[in-house]
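A short write-up of the structure that comes next.
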Amino acid sequence: QVQLVESGGGLVQAGGSLRLSCAASGRTLSTYVMGWFRQAPGKEREFVSAISWSTVSTRYANSVKGRFTISRDNSKNTVYLQMNSLKPEDTALYYCAGDSESIWSTSYTYWGQGTQVTVSS
């Protein structure tokens with residue numbers, strides 16, 4: 001069993017930056033595709049970004065492309081999401097997800113509890 005724990009969320013002004021972390025325990029993540037999703041109040045959960053196990057391949061939602069960067073450190077069993085130029089519409093609960101067939105899939109086996117990101121205007 002894998003446990004995913006997100007951290008790094010908080011309140012930031014528009015234009016600011018945050019770095020989310022997702023630490024895994026229970027099993028190594030080194031062979032898993034990892035992803036980030038988010039859910040704003042009253043909206044469905046949406047894909048944000050994904051990264052292959054080798055870090056060679058990444059994918060981003062159009063809404064965050066050029067502003068967010070996903071990375072991973074397999075030696076630390078941790079995945080990151082660097083978020084720059086934040087906008088109020090980025091406000092959401094951000095979830096880490098692990099173990100998918102590919103970066104193009106939105107189906108994942110493991111999910112964290114989420115970390116709240118709030119961007120004020």
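Only this structure's heavy atoms are used, side chains among them; waters, hydrogens and symmetry mates stay out.
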Could you list all the disulfide (SG to SG under 2.5 Å) pairs where at least one residue sits in residues 30-101, not counting sequence neighbours?
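Applying disulfide (SG to SG under 2.5 Å) to every pair that reaches into residues 30-101, excluding sequence neighbours, yields Cys22-Cys96.
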Sequence neighbours excluded - salt bridge (charged side-chain N to carboxylate O under 4.0 Å, His left out) pairs with any residue from residues 61-88
Arg67-Asp90
Not counting sequence neighbours, which residues clear side chain to side chain donor-acceptor pair (under 3.5 Å) with [X]? List them please.
X	answer
Ser57	none
Gln3	Ser25
Ser85	none
Ser100	Ser105

Which residues, ordered by chain and number, are linked to Val56 in its hydrophobic cluster, where ILVMFWY side chains connect at heavy-atom gaps below 4.5 Å, directly or through other members?
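So far as hydrophobic clustering goes, Val56 is joined with none.
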Got a sec, which residues hit side chain to side chain contact (heavy atoms under 4.5 Å, CB included) with [X], two or more places apart in sequence or on another chain?
X	result
Ala14	Pro88, Val119
Glu46	Arg38
Thr28	Ser30, Asn77

Any side-chain hydrogen bond (donor to acceptor under 3.5 Å, both in side chains) involving residues 5-23? Give me the pairs, sequence neighbours left out, ordered by first then second residue.
Ser17-Asn84
Residue pairs passing the ring pair (Phe, Tyr, Trp, His ring centres under 6.0 Å) test where at least one lies in residues 44-89, sequence neighbours excluded
Phe37-Phe47
